[in-house]
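Residues: numbered from 1 along the sequence shown.
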Amino acid sequence: MKTLVIGATTNKERYAYKAIHNLVGKSHQVVAIGASKGMALDITIETEKIPFKGIDTVTLYINPKVQREYYDYVISLQPRRVIFNPGTENPEFYTLLEENNIQYEVACTLVLLATNQY
């Protein structure tokens with residue numbers, strides 16, 4: 001299963017970085033998009049909306065206002081689900097995802113991984 005982390009960062013104190021670390025630690029394939037290019041572990045953080053193939057899960061670490069520029073992009077990837085981490089809740093996006101038959105969860109990626117519910 002491949003996960004796309006949107007809002008990725010090289011800052012080890014940020015939850016997006018911790019999510020990448022834990023996903024890799026549990027042998028998940030990870031791709032990442034962030035505001036700045038860089039590396040999180042051995043994962044390249046891209047700054048462009050690359051048309052990744054085979055995305056199962058998109059996990060969001062960007063606020064609802066910033067999410068607007070990602071609506072069409074995320075839908076175009078046709079992931080199985082989108083995870084809205086704490087602080088990213090966005091009813092407007094939930095509706096768009098439902099209209100496109102994409103599941104969403106309001107949850108914490110770190111908790112899901114820690115409790116084997118990912």
Side-chain angles (χ1 to χ4, degrees):
M1 291 196 314
K2 190 184 296 183
T3 298
L4 168 59
V5 176
I6 298 180
T9 176
T10 59
N11 182 341
K12 294 177 182 176
E13 302 302 312
R14 308 284 306 203
Y15 289 113
Y17 184 95
K18 292 175 182 183
I20 291 170
H21 181 270
N22 290 6
L23 284 160
V24 169
K26 293 218 177 226
S27 300
H28 290 275
Q29 281 186 281
V30 179
V31 290
I33 295 177
S36 303
K37 268 200 171 290
M39 299 293 287
L41 302 173
D42 61 346
I43 306 299
T44 300
I45 300 171
E46 303 290 350
T47 56
E48 303 292 319
K49 296 178 184 90
I50 294 172
F52 295 111
K53 301 285 183 225
I55 299 295
D56 176 76
T57 301
V58 174
T59 185
L60 298 173
Y61 289 94
I62 53 176
N63 72 51
K65 189 184 280 186
V66 176
Q67 288 172 27
R68 286 192 185 120
E69 67 185 77
Y70 286 92
Y71 289 175
D72 291 339
Y73 171 68
V74 169
I75 290 166
S76 76
L77 297 175
Q78 283 297 293
R80 179 176 61 86
R81 68 176 173 173
V82 175
I83 298 174
F84 290 83
N85 287 279
T88 67
E89 299 87 350
N90 184 347
E92 180 178 76
F93 202 0
Y94 306 161
T95 301
L96 290 171
L97 293 169
E98 285 172 352
E99 289 170 357
N100 287 276
N101 299 311
I102 299 170
Q103 299 171 37
Y104 68 89
E105 289 181 57
V106 179
C108 175
T109 296
L110 294 172
V111 171
L112 292 174
L113 286 165
T115 57
N116 294 316
Q117 298 178 67
Y118 194 83

### Message
My understanding is that only one of Tyr71, Tyr70, Tyr104 makes a ring-ring contact (aromatic ring centres under 6.0 Å, His included) with Phe93; could you say which?
### Response
Tyr71
#### Entry: Arg81, CZ atom: more than 12 neighbouring heavy atoms under 6.0 Å
yes
### Task
Rounded to the nearest 0.5 Å, what's the gap from NE2 on His28 to OG1 on Thr57? Could you check?
8.5 Å
### Query
Quick check: does any side chain N or O of Glu89 sit under 3.5 Å from a backbone N or O of Phe84, one acting as donor and the other as acceptor?
no
### Task
Mark yes or no for whether Asp56, through its side chain, and Thr3, through its backbone, hold a donor-acceptor pair below 3.5 Å.
no
### Message
Working to the nearest 0.5 angstrom, can you tell me the gap between Glu92 CD and Arg68 CZ?
### Response
5.0 Å
### Task
Could you tell me whether Tyr15 atom OH has more than 12 heavy atoms of other residues or ligands within 6.0 Å of it?
no
### Task
Any chance you could lay out the side-chain contact (heavy atoms from CB on, under 4.5 Å) test for Tyr17 and Asn11, step after step, and finish with the verdict?
CA-CA 6 Å; Tyr17 184 95; Asn11 182 341; 5.8 Å; no
### Message
Any non-hydrogen side-chain atom of Val5 less than 4.5 Å from a side-chain atom of Leu23?
### Response
yes
### Message
I'd like to know if the side chain of Asn22 reaches the main chain of Ala114, judged simply by a donor and an acceptor atom lying under 3.5 Å from each other, with no hydrogens or angles considered.
### Response
no
### Query
Taking C-beta and beyond as the side chain, do Lys49 and Glu69 meet within less than 4.5 Å on heavy atoms?
yes
### Heavy-atom check, side chain of Ile6 versus side chain of Val74, under 4.5 Å
yes
### Task
Taking the side chain as every heavy atom from C-beta outward, state whether Thr88 and Gln67 have any atom pair closer than 4.5 Å.
yes
### Message
To check you understand the geometry: which heavy-atom pair defines the closest contact between Met39 and Thr10, and what is its length?
### Response
O-CG2, 3.3 Å
### Query
Under the 3.5 angstrom rule, does the side chain of Lys18 hit a backbone N or O of Leu110 as a donor-acceptor pair?
no
### Heavy-atom donor-acceptor pair, Tyr73 side chain to Ile50 backbone, under 3.5 Å
yes
### Task
Is it possible for you to say whether Ile45 and Leu4 belong to one hydrophobic cluster, with membership spreading through side-chain heavy-atom contacts below 4.5 Å?
no
### Query
Hey, quick one: are Leu77 and Tyr94 part of the same hydrophobic cluster, counting side-chain heavy atoms closer than 4.5 Å, chains of contacts allowed?
yes
### Query
If two hydrophobic side chains count as joined below 4.5 Å and joins carry through other members, does Ile55 share a cluster with Ile83?
no
### Query
Say you draw a straight line from CZ of Phe52 to NZ of Lys2; how long is it, rounded to the nearest 0.5 Å?
7.5 Å
### Query
Does Asn100 reach the main-chain N or O of Ile102 with its side chain, forming a donor-acceptor pair under 3.5 Å?
no
### Message
Within a 6.0 Å radius of atom CD on Gln117, are there more than 12 heavy atoms belonging to other residues, nucleotides or ligands?
### Response
yes
### Linked, directly or transitively: Leu41 and Leu113 (ILVMFWY side chains, under 4.5 Å)
yes
### Task
Give a yes or no on whether Ile33 and Val58 share a hydrophobic cluster (residues Ile, Leu, Val, Met, Phe, Trp, Tyr; joining criterion: side-chain heavy atoms under 4.5 Å apart).
yes
### Task
Mind listing the closest non-hydrogen atom pair of Ala32 and Ala8 along with its distance?
CB-CB, 3.6 Å
